[in-house]
Protein chains: 2
Amino acid sequence: MLSKKTKYAFHALSYLAENQHKGAILIQEIASSKKISQKFLESILLDLKKAGILGSKKGKGGGYYLLKQPEEITLARVIRLLNGPIAWLPCVSLNFYEKCSDCVSEATCNMHLIMCQVRDQTLSVVENKTVRDLISSN
Amino acid sequence: MLSKKTKYAFHALSYLAENQHKGAILIQEIASSKKISQKFLESILLDLKKAGILGSKKGKGGGYYLLKQPEEITLARVIRLLNGPIAWLPCVSLNFYEKCSDCVSEATCNMHLIMCQVRDQTLSVVENKTVRDLISSN
DNA sequence: TATTACTCTACTAAGTATATAGACTTTGTG
DNA sequence: CACAAAGTCTATATACTTAGTAGAGTAATA
C-alpha cells in the first residue's frame with residue numbers, strides 16, 4: 001500500500017503541474033486546496049526539492065514550483081523517494097538492493113525469479129507514467 | 001515489501017510440499033530446518049490452517065500437512081492472507097476494497113486507473129504462480 | 001527593517017511487525 | 001487410566017514506522 005506521504009506528494013505535484021503558469025505556489029495554498037496538514041506537507045515538498053524535482057523561493061512572493069516538466073517526473077521516481085522500494089524483496093530491488101540472508105544463490109532461487117517478474121511488471125507501468133498522466137486537463 | 005511472516009509462510013509451504021509423502025510434519029522440524037522462530041511460525045501455520053490451506057493433527061505423531069496440492073496454492077492467496085492487500089490503494093483492491101476518501105469519481109480518477117494497471121500486472125504473475133513453482137525438485 | 005514564507009530539529013501518539021512466555025487442549029500409547 | 005507429545009490460545013514486550021505537531025531559525029523581498 002502507498003503511504004499517505006506518497007499520495008500527498010502526487011496530489012501536490014498535480015496541483016503544481018496544473019498551476020505551473022502561476023509561478024511559485026504557497027505550501028499553504030496546496031495544503032488547503034488538497035486538504036493536507038500543512039506541516040506534514042512541508043516535509044514532503046522538502047523531500048521533493050532535495051531530489052531536484054521541485055524548486056523553492058523564500059520570502060514574500062515565495063513558494064514551490066516544478067523544476068522539471070510534468071512529463072519528466074515518473075511515478076516510479078516519486079514512489080521510490082517517498083514510499084521506498086518498489087520491489088517486494090530487497091534482493092530484487094534495483095534501487096535499494098540488499099543481499100538476502102537466507103537464500104544461497106539468487107540465480108537458482110525460485111522466489112527470486114518470481115519476484116523479479118513482479119518487479120518488472122510493476123515498473124512497466126510506473127516507469128512509463130508521469131505526473132502529466134495524473135492531471136485531468138489534457 | 002513482503003513481511004517476514006509472508007516469507008516464512010512460503011518457506012514453510014515449500015518444506016511441507018517437498019515432504020508431502022512424510023505425512024504430518026512437526027512445527028519444530030520446519031522451524032529448525034528453515035531457521036524460523038518456532039513460536040512465530042506457530043501463528044503463521046495457524047493462519048494457513050484457518051484459511052483451509054493446511055490441516056493439523058494434535059498429540060503424538062501430530063503435525064501439519066497440506067490440504068491442497070502445491071499447484072493449487074497460488075502465491076496471491078498466501079500474500080493476501082499474511083501480507084494484506086496486493087493493490088497499492090484500497091480503492092483498487094479486489095479483496096480489501098475501501099472507498100477512497102478524497103477522490104470524487106473512481107471512473108474519472110487518473111490515479112485510480114493507473115493503480116488498477118499496477119494491480120493487474122502484479123496479479124498476472126502471482127495469480128499464476130503456485131507453491132509448486134517455489135520448490136526446486138521438478 | 002519588518003514581514004513573509006521556506007527550513008530544520010525535536011517531539012509525540014498511534015499503529016504494525018516481530019517476536020516470546022506460558023497455560024490449555026487434544027490425542028496416541030503403554 | 002495416566003502420561004507425554006504436540007498443536008491452540010491469550011497475553012505481553014519491544015522495536016520500528018507512520019502521521020502529525022510545535023517552534024525556533026533563515027533567507028528574501030518590499
Side-chain angles (χ1 to χ4, degrees), chain A residues 1-12 16 22-32 34-67 79 81-85 88-90 96 98 101-102, chain B residues 1-12 16 22-32 34-51 53-67 79 81-85 88-90 96 101-102:
Chain A
M1 287 273 165
L2 296 182
S3 65
K4 286 198 175 185
K5 219 164 175 167
T6 310
K7 286 188 271 181
Y8 290 165
F10 284 135
H11 280 137
L16 287 168
K22 290 170 61 180
I25 309 272
L26 294 184
I27 296 179
Q28 189 189 345
E29 183 180 335
I30 305 172
S32 68
K34 297 289 188 174
K35 287 167 188 165
I36 306 171
S37 148
Q38 181 173 335
K39 277 295 192 177
F40 195 40
L41 183 57
E42 277 180 25
S43 69
I44 296 167
L45 296 181
L46 214 47
D47 285 342
L48 291 169
K49 185 193 172 182
K50 283 173 184 163
I53 295 170
L54 298 184
S56 69
K57 222 175 105 182
K58 287 187 175 181
K60 194 162 191 176
Y64 278 95
Y65 49 89
L66 294 180
L67 277 184
I79 290 170
L81 196 60
L82 292 154
N83 212 72
W88 267 351
L89 293 179
F96 299 84
E98 271 178 55
S101 52
D102 14 283
Chain B
M1 286 273 166
L2 295 182
S3 65
K4 286 197 176 185
K5 219 164 177 168
T6 311
K7 286 188 272 182
Y8 290 165
F10 284 135
H11 280 137
L16 288 168
K22 291 170 63 180
I25 309 271
L26 294 184
I27 295 179
Q28 189 190 344
E29 183 180 334
I30 305 172
S32 68
K34 296 290 188 174
K35 287 166 189 166
I36 305 172
S37 149
Q38 181 174 334
K39 277 295 192 178
F40 194 40
L41 183 57
E42 276 180 27
S43 68
I44 296 167
L45 296 181
L46 214 46
D47 285 341
L48 290 168
K49 183 193 173 183
K50 284 173 184 163
I53 294 170
L54 298 183
S56 69
K57 222 176 108 184
K58 286 186 176 183
K60 195 163 189 173
Y64 279 95
Y65 48 89
L66 294 181
L67 276 183
I79 290 170
L81 196 60
L82 293 153
N83 213 72
W88 267 351
L89 293 179
F96 300 84
S101 51
D102 15 281

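Just so it is clear, the model here is predicted, and its values are computed rather than measured. Residue numbers begin at 1 in each chain, while the letters A, B, ... track the order of the sequences.
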Close N or O pairs between protein and nucleotides 25-30 of chain D (under 3.5 Å):
from: D:dA27; atom 1: O4'; to: A:K58; atom 2: NZ; distance (Å): 3.3

Pairs under 3.5 angstrom, nitrogen or oxygen only, protein versus nucleotides 14-21 of chain C, please.
from: C:dT18; atom 1: OP1; to: B:K4; atom 2: N; distance (Å): 3.2
from: C:dT18; atom 1: OP2; to: B:K4; atom 2: N; distance (Å): 3.4
from: C:dA19; atom 1: OP2; to: B:Y8; atom 2: OH; distance (Å): 3.1
from: C:dT20; atom 1: OP2; to: B:S37; atom 2: OG; distance (Å): 2.9

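In this structure, the CG atom of B:L26 is 14 Å from the C1' atom of C:dG28, given to the nearest Å. Distance CE (B:M1) to C1' (D:dT18): 17 Å, rounded to an integer number of Å.
Using a 4.5 Å heavy-atom threshold, the side chains of A:F10 and A:I79 count as touching. You'll find the side chain of B:W88 stays beyond 4.5 Å of the side chain of A:T6, heavy atoms only.
B:L45 comes within 4.0 angstrom of no nucleic acid atom, judged by non-hydrogen atoms across all strands. Among the atoms of the strands shown, none is found under 4.0 Å from any heavy atom of A:L41.
A distance-only check finds a donor-acceptor pair linking the side chain of A:N83 to the backbone of A:S3 [under 3.5 Å].
Of all the residues in residues 47-54 of chain A, not one reaches under 4.0 Å from DNA chain D with any non-hydrogen atom.
To the nearest 0.5 Å, the span separating CG on B:L41 from CD1 on B:I36 amounts to 5.0 Å.
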What donor-acceptor contacts under 3.5 angstrom involve side-chain atoms of residues 24-32 of chain B, with partners at least two apart or in another chain?
from: B:E29; atom 1: OE2; to: B:Y15; atom 2: OH; distance (Å): 2.6
from: B:E29; atom 1: OE2; to: B:K22; atom 2: NZ; distance (Å): 3.0
from: B:S32; atom 1: OG; to: B:Q28; atom 2: O; distance (Å): 3.2
from: B:S32; atom 1: OG; to: B:E29; atom 2: O; distance (Å): 3.4

Sequence neighbours left out, cut at 3.5 Å: what donor-acceptor pairs do the side chains of residues 44-61 of chain A make with other protein atoms?
from: A:K49; atom 1: NZ; to: A:S56; atom 2: OG; distance (Å): 3.1

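Residues satisfying the ring-ring contact (aromatic ring centres under 6.0 Å, His included) test with A:F40, not counting sequence neighbours, are A:Y8. In this structure B:K39 satisfies the side chain to side chain contact (heavy atoms under 4.5 Å, CB included) test together with B:S37, B:E42, sequence neighbours excluded.
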Quick one: do A:L89 and B:K7 satisfy side chain to side chain contact (heavy atoms under 4.5 Å, CB included)? Show the steps, please.
-> CA-CA 9 Å; A:L89 293 179; B:K7 286 188 272 182; 3.5 Å; yes

